[in-house]
Amino acid sequence: MSLQWDPWDWQNYPIAQQPTWHSRDELDAVRRELSLRAPLVFPREIDSLKRGLARAAHGKAFVLQAGDCAESFNDHSAATIRAKLRVILQMAVVLTYSSGVSVVKIGRIAGQYAKPRSSETEVHHGVQIPVFRGHIVHDDRPTLEARRPDPQRMLTAYDLSRATVSTVKALTEGGFSDLSRAHSWNQDFVASSPEGERYESIAAEIERALHFMAACGIDLSKEEVLHQITLWTSHEALLLGYEAALTRLDPASQRFYDLSAHQLWIGDRTRDPKGAHVRFASGVANPIGVKVGPSMGISDLLDVCRELDPDREPGRLMLVARMGRGAVRDKLGDLVTAVRDAGHPVVWLCDPMHGNTFLSEAGYKTRDFEDIMDEISGFFEVHRRLGTWPGGIHIELTGQDVTECLGGGEEVLEEELSRAYDTICDPRLNARQSLDLAYRVAELLIR
Ligand code: PEP
Ligand code: MN
């Protein structure tokens with residue numbers, strides 16, 4: 001971070017993927033109001049996440065980052081949050097057992113409202129309208145009027161994020177995240193899954209481990225580490241006015257923290273090493289993720305690492321590879337080697353979703369479960385070959401029974417996509433597909 005950094009100086013850098021706001025005065029008024037609001041998270045919590053990620057950087061923890069592609073203003077109930085948390089916890093139990101290390105759980109939650117898009121506009125019933133950029137900008141309904149950017153929505157995003165943070169806290173601190181309970185949910189899943197036989201041995205081993213702990217006198221319901229977990233919050237830091245307004249100087253450390261979420265990431269479309277997003281992130285103390293797509297070259301990647309991690313601080317930087325199943329085995333290795341040789345102690349994550357999206361015949365944006373698994377396998381292969389640690393996975397999922405991605409143990413077929421295609425942006429794994437994925441990743445980790 002250069003000395004002159006301030007939370008708003010990204011305005012002097014080229015910026016991509018921003019909405020066209022219509023009123024500068026209204027935008028400024030909203031930013032001022034946001035800057036007076038209370039933080040959503042606290043520096044002490046962010047530091048604690050960073051310590052967890054530092055362990056992952058050293059191969060002593062595994063990261064599970066998961067949640068919606070885009071959270072919706074219209075689907076914001078405690079039940080939805082509970083279902084999402086439940087599936088993340090269930091996955092975490094399987095991953096903890098199979099990785100043999102602690103799992104750092106980060107939700108794409110409590111602020112994941114802004115979306116980068118590959119084109120500016122789309123055509124609907126013959127009318128060209130602005131493309132959907134997330135509920136923090138406008139409504140998703142495909143009309144000119146609904147797609148008009150409204151700065152007031154940033155205040156709604158803040159309010160809903162705040163409500164989500166407190167719901168998550170109430171659940172995780174109230175025993176919802178109890179280890180033995182999550183395990184028994186998994187037993188129900190295994191018992192009813194067509195792949196049950198395949199998963200049974202892992203489930204039985206976890207069962208034995210729990211019995212062993214109980215036999216040693218550990219009361220699972222009383223041990224705080226087993227009874228309460230932490231789900232950290234994260235979102236893409238895309239609307240920099242929102243992020244800057246929630247960035248505060250921590251009096252204790254004299255460092256700036258973006259207090260809109262614990263972790264923030266920069267998307268594959270905004271990772272220009274000389275651009276506004278990298279500039280903004282370079283000055284905040286939060287752990288920062290950077291999406292690394294197949295077009296990322298070694299020199300750009302090293303520039304990004306230099307900007308964001310000049311101190312080579314473990315836990316600071318997460319690189320989220322989203323290559324696509326066809327490119328991961330060819331492209332990832334050189335990038336991992338270059339970053340390692342440059343001395344940045346990053347956590348490498350695999351996002352197996354964004355490089356494997358295609359349109360179904362009926363026009364649904366979808367992903368195939370086996371493509372997703374193949375990219376994860378490729379990611380593990382590359383790290384095994386190099387002797388580096390596959391630090392975690394980054395997944396788009398929901399706790400609901402949607403039909404957005406194809407395949408899985410209870411196979412979702414192409415003609416079924418229309419049944420419950422509910423996403424407002426990218427296709428998510430449903431709860432059962434997410435658990436399938438956790439057991440399949442467990443097989444890769446145990447091997
Ligand atoms: C996302 O994570 O939803 C996303 C848009 O990813 P990427 O920037 O990797 O395309
Ligand atoms: Mn997405």
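Just so you know, these numbers use all the heavy atoms, side chains as well, and skip hydrogens, waters and symmetry mates. Both counts, for ligands and for their atoms, begin at 1 and track the order of listing.
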Is the ring centre of Tyr113 less than 6.0 Å from the ring centre of Phe73?
yes

Specify the closest pair of heavy atoms between Asp351 and Lys291, including all atoms of both residues, with the distance to one decimal.
OD2-NZ, 2.9 Å

Sub-3.5 Å donor-acceptor pair from the side chain of Asn430 to the main-chain atoms of Val402, do we have one?
yes

Arg141 meets the side chain to side chain donor-acceptor pair (under 3.5 Å) criterion, sequence neighbours left out, with Asp139

Sequence neighbours excluded, which residues qualify as side chain to side chain donor-acceptor pair (under 3.5 Å) partners of Gln11?
none

Do you know which two heavy atoms are closest between Pro149 and Trp21, and how far apart they sit?
CB-CE3, 3.7 Å

Between ligand 1 and the protein, which N/O pairs fall short of 3.5 Å?
residue  : atom   : partner : partner atom : Å
ligand 1 : 2 (O)  : Arg108  : NH1          : 2.9
ligand 1 : 2 (O)  : Arg108  : NH2          : 3.3
ligand 1 : 2 (O)  : Lys291  : NZ           : 2.7
ligand 1 : 2 (O)  : His354  : NE2          : 3.4
ligand 1 : 3 (O)  : Arg108  : NH2          : 2.9
ligand 1 : 3 (O)  : Lys115  : NZ           : 2.7
ligand 1 : 3 (O)  : His354  : NE2          : 3.0
ligand 1 : 3 (O)  : Glu396  : OE2          : 3.0
ligand 1 : 6 (O)  : Lys291  : NZ           : 2.8
ligand 1 : 8 (O)  : Asp268  : N            : 2.8
ligand 1 : 9 (O)  : Lys291  : NZ           : 2.9
ligand 1 : 9 (O)  : Arg322  : NE           : 2.6
ligand 1 : 10 (O) : Arg269  : NH1          : 2.9
ligand 1 : 10 (O) : Arg322  : NH2          : 2.8

Which atom names give the shortest non-hydrogen contact between Asp268 and Gly293, and what distance separates them?
OD1-N, 2.9 Å

Near the Mn ion (ligand 2) (protein N/O/S, cut-off 2.8 Å, waters excluded) we have Cys69 SG, His354 NE2, Glu396 OE2, Asp426 OD2

Short question: side chain of Gln433, backbone of Cys405 - any donor-acceptor pair under 3.5 Å?
yes

Indicate, with yes or no, if the rings of Trp185 and Phe176 have centres closer together than 6.0 Å.
yes

